[in-house]
Amino acid sequence: MQTFLDAIRAAIAAETGLEDPKLGRPRDPRHGDSAFPCFEYAKGKGEPPPKVAAELETALNARLEGITAKAAGPFLNFTVDRARLGETILGEIAAGGACYGTSREGEGRTIVIDFSSPNIAKPMSVGHLRSTVIGASIQRLHEALGYRTVGINHIGDWGSQFGKLVAAVDRYGDTVDLEGDPIPSLLALYVRYHEEEESDPGLVEEAREAFRELESGVDGPVRQTWRKLTELSLVEFQKIYDRLGVSFDLVRGEAFYEPHLASAVDRVVDAGVTEESEGALVVDLSGFGKIPPCLLRKTDGTTLYATRDLAAVFHRQEEFAFDRCLYVVGADQRLHFRQLKHVLDRMGLDWEPKVEHVDFGMMRLPEGKMSTRKGRVVFLDDVLNDAVAEAARVIAEKNPDLVDPGAVAEMVGVGAVVFNDLKRERVKDIDFRLEEVLSFEGDTGPYVQYTHARLASIERKAGEIEAAPDWEVLEGAAPILVSMGRFGEVVRSAAARAEPSEVTTYVLSLAREVNSWVARERVLGQEPGVTAARLALARGARQVIGNALTLLGVGAPTEM
RNA sequence: GCGCCCGUAGCUCAGCUGGAUAGAGCGUUCGCCUCCGGAGCGAAAGGUCACAGGUUCGAAUCCUGUCGGGCGUACCA
């Protein structure tokens with residue numbers, strides 16, 4: 001498709017002298033495959049747009065081969081010859097296979113992606129799902145463009161809350177089954193400690209002391225307890241990552257950067273942008289608008305979230321010399337990342353623009369914001385289990401003879417959950433509704449998976465076709481071909497904007513077009529040339545849908 | 001209070017760097033061939049694109065203000 005568009009652009013450029021003529025898509029695909037609105041160009045010439053469009057029509061038809069230009073009022077529509085369109089695009093897809101849609105434009109460039117990043121000792125909720133699946137998809141999108149990618153799971157394993165947790169384990173640890181059921185046990189201890197703090201101020205000091213010892217670097221009992229908590233939590237997290245098909249290049253908790261904290265602070269101090277304020281070390285950011293200063297060191301000498309993130313970003317820049325460094329973190333932390341970038345800016349670091357906060361909207365419950373401590377959470381594991389159970393139920397009802405229904409149910413159930421989370425634009429808040437996640441009809445992952453399975457089924461039944469495809473018969477499927485031809489552009493744009501939802505909306509729309517076509521035109525049992533052409537389309541569509549699902553981290557079953 | 005984000009059909013959302021009659025899904029109503037998978041397909045109904053100004057040949061899209069909602073707002077992360 002790109003070659004056609006390039007040819008059209010080149011012809012327009014040659015004819016009009018425009019540097020980079022902007023092509024659009026006609027509202028109605030019957031108008032053409034691509035369109036050039038003539039308003040602006042006509043204005044420059046001081047002539048009415050319809051007249052200019054008509055003149056261009058003649059001129060461009062003389063220049064273009066295999067593409068027809070047609071003026072429609074102020075618009076100039078382009079239609080690629082039908083036979084050529086099918087042969088070219090389906091040929092590209094067949095040649096590309098699993099690589100169709102990828103490119104090498106990112107080669108030699110490095111992108112670091114910080115995502116998932118759960119806090120140890122807390123169960124993963126549906127809230128953590130967002131960072132995990134969005135980040136994983138962004139990583140795959142960049143891999144598809146040839147970037148060197150470094151996915152980092154920045155585990156929340158540091159901070160004063162862990163002083164509290166260690167103190168809680170010390171006090172009440174033997175009242176729960178830590179080894180057997182670590183996360184709920186730790187959560188219970190934490191909540192209990194938090195409550196008893198209210199009436200016993202001694203506990204506050206005890207927790208503070210524990211964190212101080214932790215941060216002092218002494219390898220004593222406190223650190224040993226902390227290490228154990230971390231290990232237990234990571235084992236639990238891994239189970240979920242396995243189900244989601246997510247992996248990381250590096251799992252580095254905040255603690256990893258602990259040895260670099262002092263030098264990070266020094267670096268900011270040496271840049272001359274720090275000052276003492278109310279006993280704390282801060283970077284004033286009033287030059288960037290009404291935003292509070294960035295705190296680097298508390299009055300008691302311990303560090304903060306911002307300090308550790310600063311140390312981390314310095315470290316990453318030195319280690320990877322990244323071209324992009326993304327933080328897939330919720331929108332509630334916008335201020336934090338603005339502050340972080342402003343500090344880099346004040347330090348005069350020219351790579352500051354490469355650091356981006358890829359924010360996403362909050363997952364909310366009908367009762368309000370999720371809060372682990374208040375018991376207002378939906379556990380991710382439960383949702384995955386519910387979805388898989390629902391998938392198993394539907395399979396038992398609609399396809400009882402399916403081999404290995406368990407594996408397919410896992411693929412469909414988990415796919416439904418993941419797809420649902422990647423469906424809307426990142427910025428949008430989501431009100432969590434289980435019914436919606438468990439729905440498999442309409443704009444859902446299973447709908448796309450179903451389309452994929454159906455096409456695969458047609459392919460299986462068709463076997464090998466010898467005849468040469470009669471491309472002319474794909475006339476009615478031209479809009480689908482154009483859609484498939486756009487895939488590479490969708491991948492590029494989704495990666496650039498760090499917006500996986502672009503792929504979701506694309507693949508939903510493609511699946512819809514394809515389903516409609518399958519209902520309209522029969523593949524099997526036609527004249528050999530007709531079947532061959534339609535089979536090529538089915539095959540191409542399955543390939544593109546499969547490639548898109550892979551980028552999203554959703555399985556593409558051939559039967560379901 | 002201040003800052004950031006969001007506001008399109010009853011509900012959930014698309015709408016590309018401004019361009020042709022604002023599109024889907026869910027829900028509602030009606031229909032689908034003894035034929036490739038009905039997790040499907042087709043059709044109907046449903047919209048002052050929150051509101052008011054402005055820029056423009058042209059605004060759901062850009063700018064300003066108002067209203068509504070979300071999030072954040074110096075020693076939590």
Side-chain angles (χ1 to χ4, degrees), chain A residues 22 24-28 31 35 37-40 42-43 48-49 72-75 77 117 119 156 158-161 254 277-282 289-300 302-306 308-309 329-336 338-339 359 361-362 364 368-369 391 394-395 397-399 412 416 423-425 427-431 433 435-436 439-444 446-451 453-462 486 489-490 493 501-502 504-506 508-509 512 515-525 531 534-535 538 559-560:
Chain A
K22 285 178 269 180
R25 265 183 291 157
R27 182 160 292 284
D28 186 334
H31 288 145
C38 300
F39 303 95
E40 214 168 310
K43 197 178 181 184
F75 292 91
N77 295 317
S117 310
N119 289 338
W158 208 247
S160 47
Q161 58 172 316
E254 293 185 70
S277 174
E278 299 171 32
L281 184 70
V282 310
K290 296 190 67 170
I291 68 175
C294 180
L295 284 260
L296 295 184
R297 204 160 53 208
K298 295 194 272 189
T299 322
D300 68 3
T302 57
T303 62
L304 293 106
Y305 185 40
R308 295 190 282 278
D309 258 351
V329 180
D332 52 349
Q333 289 180 41
R334 275 183 183 132
L335 178 59
H336 166 72
R338 276 182 66 201
Q339 291 178 311
D359 57 352
M362 296 288 95
R364 307 181 73 253
K369 196 183 177 185
V394 177
I395 288 169
E397 181 190 314
K398 308 201 181 218
N399 196 359
V412 172
K423 202 160 74 175
R424 334 163 168 59
E425 256 188 318
V427 290
K428 300 260 180 12
D429 287 345
I430 300 181
D431 287 318
R433 282 202 190 78
E435 323 86 79
E436 196 182 309
S439 148
F440 295 172
E441 289 167 18
D443 284 352
T444 67
Y447 170 82
V448 179
Q449 290 175 318
Y450 173 76
T451 310
R454 217 177 155 186
L455 293 170
S457 169
I458 293 175
E459 285 178 62
R460 274 194 302 276
K461 287 180 178 153
R486 272 181 52 223
E489 185 49 43
V490 171
S493 169
S501 72
E502 215 173 318
T504 354
T505 44
Y506 167 80
L508 271 172
S509 136
R512 222 178 289 119
N515 261 322
S516 174
W517 173 78
V518 168
R520 223 169 40 234
E521 294 184 6
R522 206 180 152 74
V523 175
L524 270 34
T531 289
R534 290 184 180 164
L535 184 60
E559 285 182 86
M560 66 187 269

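Labels below follow one simple rule: chain letters A, B, ... track the order of the sequence lines, proteins then strands, and each chain is numbered from 1.
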Once you apply a heavy-atom cut-off of 4.0 Å, does A/Glu559 come out as touching a base, just sugar-phosphate, or nothing? base
Under 4.0 Å from OP1 or OP2 of B/rG42: is there any side-chain N or O of A/Ser516 that close? yes
Determine whether a donor-acceptor pair (N or O, by modelled atom type, separation under 3.5 Å) exists between the side chain of A/Lys461 and the backbone of A/Leu524. no
Quick one: A/Ile458 CD1 to B/rC41 P, roughly how many Å, whole number? 13 Å
If pairing requires Watson-Crick or G-U wobble contacts with both distances under 3.5 Å, which nucleotide is the partner of B/rA20? none
Picking from B/rA74, B/rG15, B/rA77, the nucleotide nearest the side-chain atoms of A/Glu425 would be B/rG15
So, OP1 or OP2 of B/rG3: does either fall under 4.0 Å of a side-chain N or O from A/Arg334? no
Would you say A/Tyr447 places a side-chain N or O within less than 4.0 Å of OP1 or OP2 belonging to B/rG37? no
Name the closest nucleotide to the A/Ser457 side chain, picking from B/rC36, B/rC6, B/rG72. B/rC36
A/Arg520 CZ to B/rC32 C1', straight-line distance once rounded to whole Å: 15 Å
The side chain of A/Arg338 lies closest to which of these nucleotides: B/rG19, B/rC4, B/rU73? B/rC4
Taking the same atom, C1', in B/rG47 and in B/rG3, what whole-Å distance lies between them? 33 Å
For A/Trp158 and A/Arg308, which heavy atoms make the closest approach, and how far apart are they? CD1-CD, 3.4 Å
Give the rounded distance in Å between these two atoms: CG of A/Asp28 and C1' of B/rA22. 14 Å
Checking B/rC57, B/rC41, B/rA24 against the side chain of A/Phe39 (C-beta onward), the nearest is B/rC57
Scan A/Leu295 against the nucleic acid and name what it touches under 4.0 Å (heavy atoms): base, sugar-phosphate only, or nothing. base
Pairwise side-chain contact, A/Ile395 with A/Met560, heavy-atom cut-off 4.5 Å (strictly under): no
Phosphate-side-chain proximity, A/Lys428 and B/rC5, N/O vs OP1/OP2 below 4.0 Å: no
Checking contacts here: which listed nucleotide (B/rG19, B/rG37, B/rC41) is nearest the side-chain heavy atoms of A/Arg454? B/rG37
Distance criterion of 3.5 Å, no angle test: do you see the side chain of A/Ser277 paired donor-to-acceptor with the base of B/rA74? yes
Return the nearest nucleotide to the side chain of A/His31; candidates are B/rA74, B/rU21, B/rA39. B/rU21
Which whole number of Å gives the distance between the P atom of B/rC63 and that of B/rG19? 15 Å
State whether A/Arg25 and A/Glu489 are salt-bridged, where the test is any N-O pair (Lys NZ or Arg NE/NH1/NH2 against Asp/Glu carboxylate O) under 4.0 Å. no
B/rG58 versus B/rA14 - spacing of their P atoms, nearest Å: 29 Å
If we take the P atom in both B/rG23 and B/rC49, what is their distance in whole Å? 14 Å
Looking at B/rC13, I'd like to know if its phosphate oxygens (OP1 or OP2) sit under 4.0 Å from a side-chain N or O belonging to A/Arg424. yes
Is any side-chain heavy atom of A/Ile458 closer than 4.5 Å to one of A/Val518? yes
Any donor-acceptor pair under 3.5 Å between the side chain of A/Asn515 and the base of B/rA39? no
Rounded off to whole Å, could you give me the CD-to-C1' distance for the A/Gln449 and B/rA39 pair? 10 Å
Side-chain N or O of A/Arg433 closer than 4.0 Å to phosphate OP1/OP2 of B/rC11: no
For A/Gln339, report the nucleic acid contact type (base, sugar-phosphate, nothing); a contact means any heavy atom under 4.0 Å. nothing
How would you label the contact of A/Asn77 with the nucleic acid (heavy atoms, under 4.0 Å): base, sugar-phosphate, or nothing? base
Residue pair A/Gln449 / A/Pro446, side-chain heavy-atom distance below 4.5 Å: yes
May I ask which nucleotide in the shown strands pairs with B/rU64, Watson-Crick or G-U wobble, both distances under 3.5 Å? B/rA52
Contact class for A/Ile395 vs. all strands (heavy atom < 4.0 Å): base, sugar-phosphate, or nothing? base
Contact class for A/Ala538 vs. all strands (heavy atom < 4.0 Å): base, sugar-phosphate, or nothing? nothing
Mind checking A/Pro26 for me? I need base, sugar-phosphate or nothing, with any heavy atom below 4.0 Å counting as a touch. base
Quick one: A/Arg364 CZ to B/rU12 P, roughly how many Å, whole number? 12 Å
Mind listing the closest non-hydrogen atom pair of A/Ile291 and A/Arg338 along with its distance? CG2-NH2, 3.5 Å
Can you check whether A/Phe75 stacks with the B/rG19 base, using ring centres under 5.5 Å and planes within 30°? no
Assign A/Glu502 to base, sugar-phosphate, or nothing according to its heavy-atom contacts below 4.0 angstrom with the strands shown. nothing
Which pair of non-hydrogen atoms, one from A/Leu508 and one from A/Gly442, has the smallest distance, and what is that distance? CD2-O, 4.4 Å
Among B/rA74, B/rA20, B/rC71, the one nearest any side-chain atom of A/Pro292 is B/rA74
Quick one: A/Tyr305 OH to B/rA77 C1', roughly how many Å, whole number? 6 Å
Can you figure out which of B/rA20, B/rC35, B/rA74 approaches the side chain of A/Arg522 most closely? B/rC35
Could you tell me whether A/Ala453 contacts a base, only the sugar-phosphate backbone, or nothing, with contacts defined as non-hydrogen atoms closer than 4.0 Å? base
Taking only the C1' atom of each, what is the distance from B/rG38 to B/rC33 in whole angstrom? 13 Å
Does B/rA20 have OP1 or OP2 under 4.0 Å away from a side-chain N or O of A/Arg27? yes
OP1 or OP2 of B/rC57 sitting under 4.0 Å from any side-chain N/O of A/Lys43? yes
Side-chain contact check for A/Glu254: nearest option of B/rA77, B/rC71, B/rA39 is B/rA77
A/Lys398 vs B/rA39: side-chain N/O to OP1/OP2 distance below 4.0 Å: yes
So do the side chains of A/Gln339 and A/Pro292 get within less than 4.5 Å of each other, counting heavy atoms only? yes
